[in-house]
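Got a structure here, written out as structure tokens. Questions coming.
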Protein chains: 2
Amino acid sequence: MLTNVSLYIFAIMETLVKKSRKEQIEEKATQLFQEKGYAATSMRDLAQVLGIEAASLYSHIKSKEEILQKICFRMADEFFKSWEEVEKENSSMAEKMKKAMAAHIKVITQDTASSAVFFNEWRHLSEPHLSDFLAMREDYEGRFMQIINDGMASGEFKTVDPKFMMLTILSSLNWTHNWYNPSGSLSPLEVGDRLSNLLLNGLNK
Amino acid sequence: MLTNVSLYIFAIMETLVKKSRKEQIEEKATQLFQEKGYAATSMRDLAQVLGIEAASLYSHIKSKEEILQKICFRMADEFFKSWEEVEKENSSMAEKMKKAMAAHIKVITQDTASSAVFFNEWRHLSEPHLSDFLAMREDYEGRFMQIINDGMASGEFKTVDPKFMMLTILSSLNWTHNWYNPSGSLSPLEVGDRLSNLLLNGLNK
DNA sequence: CCTACCGATCGGTAGG
DNA sequence: CCTACCGATCGGTAGG
């Protein structure tokens, strides 16, 4: 009797915890795309990791590129969502920049594998997805540039080339996906603090 | 008579300026690897750009990967060579870091296409080349970390995590290959100055 | 540098 | 989710 109840509860939990086959496919694909790159990952590689035949993948997905699209646009959504809390900050542009950097780092550290695919494999998107992607990126980069421009106008920031500045900041931020270890001792907040402190105040004493 | 002499001189100049077929192959391959990635570039793509058949490529090269190896290890050589002038600088660690950054930027800006392949496609190297490559990179990164450690010891730099600092600096530096335009108005030296000023002194006034 | 060709592998479909 | 299979393309070789 007790055993039956236990098994029943276990079955419910499994249903709650277990990922759908489609989710499993996307998760493993993300790992493979990160490790080998999109082009060098075959559907047979992916199927093997999941223990099924390559043809069976197509019961759950439409194409190889569909997986890439899901990853790239889901991450883009995350970055835009994270910007909502940034917009609330208006005390100073230095503070707003810190918030923006922290928000950006939070998204990356939450899923470094998807971030790697987002940053490195987007060029394999076909049209019109590629153009959509690039338009979103330009929008997002423009928001960082706006903070820089506002900070220069208010006299908080040095006079710099805003685009150059934005590219430098984002490259430092984006690179974290390569070395951040979620099970390490550094929290996402600490990474954000260190990076914003460095980029705003410099290495010199 | 004059025409014959002119043609003769022209022929000599052409010989001096004209790249060997092997050099042409490497140059076009670099462009394609940058644009589409190594794995997504086929030997038929490469042959088409050169106006020959894919099979003809193999009179000049041994394999597709050989081209990638050439690009990656040539760039690695350039980075190590550029370090020689850095070693001479010992007035201060801030100055040495500036020199190191300028040297690094100089190599990247001199050949942004090869740099892109170097930074993005090295993972397609097979063993033992991959291990060699990673060992060289670790050596190079260690040199930047040494400057940071020395600068902290001398009291010039803030107390930071040296590895974190090194990764942040190099990511900013390395990203330049993505946006630097050799025919634009910004000289390699100016890029180096701006980046070292930002990373050493920060954006805040 | 070409023609002709190789075996292997690719993304994906049909039908059950 | 599988078997069986498709046409296309891959890196590369033989022989001239």
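So you know, we letter chains A, B, ... as the sequences are listed, proteins then strands, and number each from 1. Since we're looking at a predicted model, the values are computed, not measured.
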Between atom NZ in B/K36 and atom C1' in D/dT9, what is the gap in whole Å? 12 Å

Using a cutoff of under 3.5 Å, can you pull out all pairs of nitrogen or oxygen atoms linking the protein to nucleotides 14-16 of chain C, with atom names and distances?
none

Going by an N to O cut-off under 4.0 Å, is there a salt bridge joining B/K99 and B/E85? no

Using whole Å, report how far NZ of B/K64 lies from C1' of D/dT13. 18 Å

Given that A/G51 and B/Y58 both sit by DNA chain D, which one's nearest nucleotide is further toward the 5' end? A/G51

When B/F118 is tested against each of B/F33, B/F79, B/Y38, B/F73 for ring-ring contact (aromatic ring centres under 6.0 Å, His included), which residue passes? B/F79

Can we say A/K81 and A/D77 salt-bridge, meaning some charged N sits less than 4.0 Å from an Asp/Glu carboxylate O? no

A/Y58 six-ring centre to A/K64 NZ/CZ under 6.0 Å and within 45° of normal: no

Before you tell me yes or no, could you show the steps for B/L186 and B/R194 under side chain to side chain contact (heavy atoms under 4.5 Å, CB included), namely the whole-Å CA-CA distance, both residues' side-chain angles and the distance that decides it to 0.1 Å? CA-CA 10 Å; B/L186 222 52; B/R194 289 190 186 189; 3.6 Å; yes

If you apply the rule side chain to side chain contact (heavy atoms under 4.5 Å, CB included), what do you find for B/W179 with A/F164, and how did you get there? CA-CA 9 Å; B/W179 56 263; A/F164 176 93; 3.6 Å; yes

Can you tell whether the side chains of B/K96 and B/E87 come within less than 4.0 Å, N to carboxylate O? yes

Tell me the interatomic distance from A/L50, atom CG, to D/dC1, atom C1', rounded to whole angstroms. 12 Å

Given D/dG11, D/dT3, C/dC1, which nucleotide is nearest the side-chain atoms of B/I52? C/dC1

Check: B/F144 ring centre within less than 6.0 Å of B/W83 ring centre: yes

Do you know the tightest heavy-atom contact between B/L198 and B/L203? CD1-N, 3.9 Å

Rounded to the nearest angstrom, tell me the gap between atom NZ in B/K22 and atom P in C/dC1. 14 Å

Listed nucleotide nearest any side-chain atom of A/M43, set D/dG12, C/dG11, D/dC1: C/dG11

Atom CG of B/L46 and atom P of D/dG12: how far apart are they, to the nearest Å? 12 Å

Toward the 5' end of DNA chain C, which comes first, A/S56 or A/D45, by nearest nucleotide? A/D45

Give me the bend of the helix from C/dC1-D/dG16 to C/dG16-D/dC1, using the axes of the five pairs at each end, rounded to 10°. 0°

Could you state the CD-P distance from B/Q48 to D/dG11, rounded to the nearest angstrom? 13 Å

Return the value, rounded to whole Å, for the distance between atom CD1 of A/I61 and atom P of C/dG11. 10 Å

Take the protein atom CD of A/E66 and the nucleotide atom C1' of C/dG11, then report the distance between them rounded to whole Å. 14 Å

Output yes when at least one side-chain N/O atom of A/R44 is less than 4.0 Å from OP1 or OP2 of C/dG12, else no. no

Under 4.0 Å between a side-chain N or O of B/S42 and OP1 or OP2 of D/dT9? no

